[in-house]
Amino acid sequence: MAYAFQVDFDIRPDQMSELEVGASLERVLGYLRTLLPGEPGFVSARALYSLDIPGKTHLVFQSIWQTWEDLMVHQQSALAENKALIEFQPHVTLQDLTVHVYEEVG
């Protein structure tokens, strides 16, 4: 069974430039994608943004972990997505930051 750690939040349309190469939010996501593979039990990570919500952009960052224990260790680490994103909040206002944990079905 795999486990997912997901962080999602909204940004304003005028902040979309923060997802461009070199912008602060893109750097944080790139930083996570570079360092997470070195963590025990890491499987994969993906970052997505919505195309269909008028007036805002919804972003999702999800990492996949082999075991529940791996996910728990990750959640407590400095590399946990919510901690890394909050650290960079002065550059980008994150609205409604939420964290969800999922277990793979079947």
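No hydrogens, no waters, no symmetry mates; every other heavy atom, side chains included, goes into these values. Worth saying up front: this structure is predicted, and the values here are computed from it rather than measured.
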Full working for side-chain contact (heavy atoms from CB on, under 4.5 Å) between F9 and L85: CA-CA 10 Å; F9 56 94; L85 287 164; 3.5 Å; yes

Pair L71-V101, side-chain contact (heavy atoms from CB on, under 4.5 Å): steps then yes or no: CA-CA 9 Å; L71 185 140; V101 176; 3.9 Å; yes

Group every Ile, Leu, Val, Met, Phe, Trp and Tyr by side-chain heavy-atom contacts under 4.5 Å, then state whether [X] and [Y] land in the same group.
{"X": "M16", "Y": "F61", "result": "yes"}
{"X": "L97", "Y": "Y102", "result": "no"}
{"X": "L36", "Y": "M72", "result": "yes"}
{"X": "W68", "Y": "I64", "result": "no"}
{"X": "L29", "Y": "V99", "result": "yes"}

Please give me the minimum heavy-atom distance between [X] and [Y], naming the atom from each residue.
{"X": "K83", "Y": "Q76", "value": "NZ-O, 3.0 Å"}
{"X": "D70", "Y": "G41", "value": "OD2-CA, 3.1 Å"}
{"X": "M1", "Y": "G106", "value": "CE-C, 3.7 Å"}
{"X": "A80", "Y": "Q75", "value": "CB-O, 3.7 Å"}
{"X": "D14", "Y": "S17", "value": "O-OG, 4.3 Å"}

Residue list, side chain to side chain donor-acceptor pair (under 3.5 Å) with D52, at least two apart or on another chain: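 Per chain and number, D52 pairs via side chain to side chain donor-acceptor pair (under 3.5 Å) with no residue.
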
Qualifying residues under side chain to side chain donor-acceptor pair (under 3.5 Å), relative to S77, sequence neighbours excluded: none

Check: R12 main-chain N/O paired with Q15 side-chain donor or acceptor under 3.5 Å: yes

Heavy-atom donor-acceptor pair, E104 side chain to A2 backbone, under 3.5 Å: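 Yes: the side chain of E104 pairs with the backbone of A2.
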
For L51, side chain to side chain contact (heavy atoms under 4.5 Å, CB included) partners two or more places apart: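 L51 satisfies side chain to side chain contact (heavy atoms under 4.5 Å, CB included) with Y49 once adjacent residues are dropped.
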
Reference residue H74; test ring pair (Phe, Tyr, Trp, His ring centres under 6.0 Å); the match among Y3, F42, F5: F5

Worked verdict on V7 versus V60 for side-chain contact (heavy atoms from CB on, under 4.5 Å): CA-CA 6 Å; V7 174; V60 175; over 6 Å; no

Worked check of side-chain contact (heavy atoms from CB on, under 4.5 Å) between H58 and D8: CA-CA 7 Å; H58 189 75; D8 58 281; 3.2 Å; yes

Distance, nearest 0.5 Å, that separates CZ of R33 from OG of S44: 10.5 Å

Point-to-point distance, once rounded to the nearest 0.5 Å, from CG of L48 to CD of Q6: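 Separation between the atoms: 8.5 Å.
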
Test item: side-chain donor near acceptor, W65 and T67, under 3.5 Å: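 There is no such pair (donor and acceptor under 3.5 Å, judged by atom type) between the side chains of W65 and T67.
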
Sub-4.5 Å side-chain heavy-atom contact between T57 and D10: no

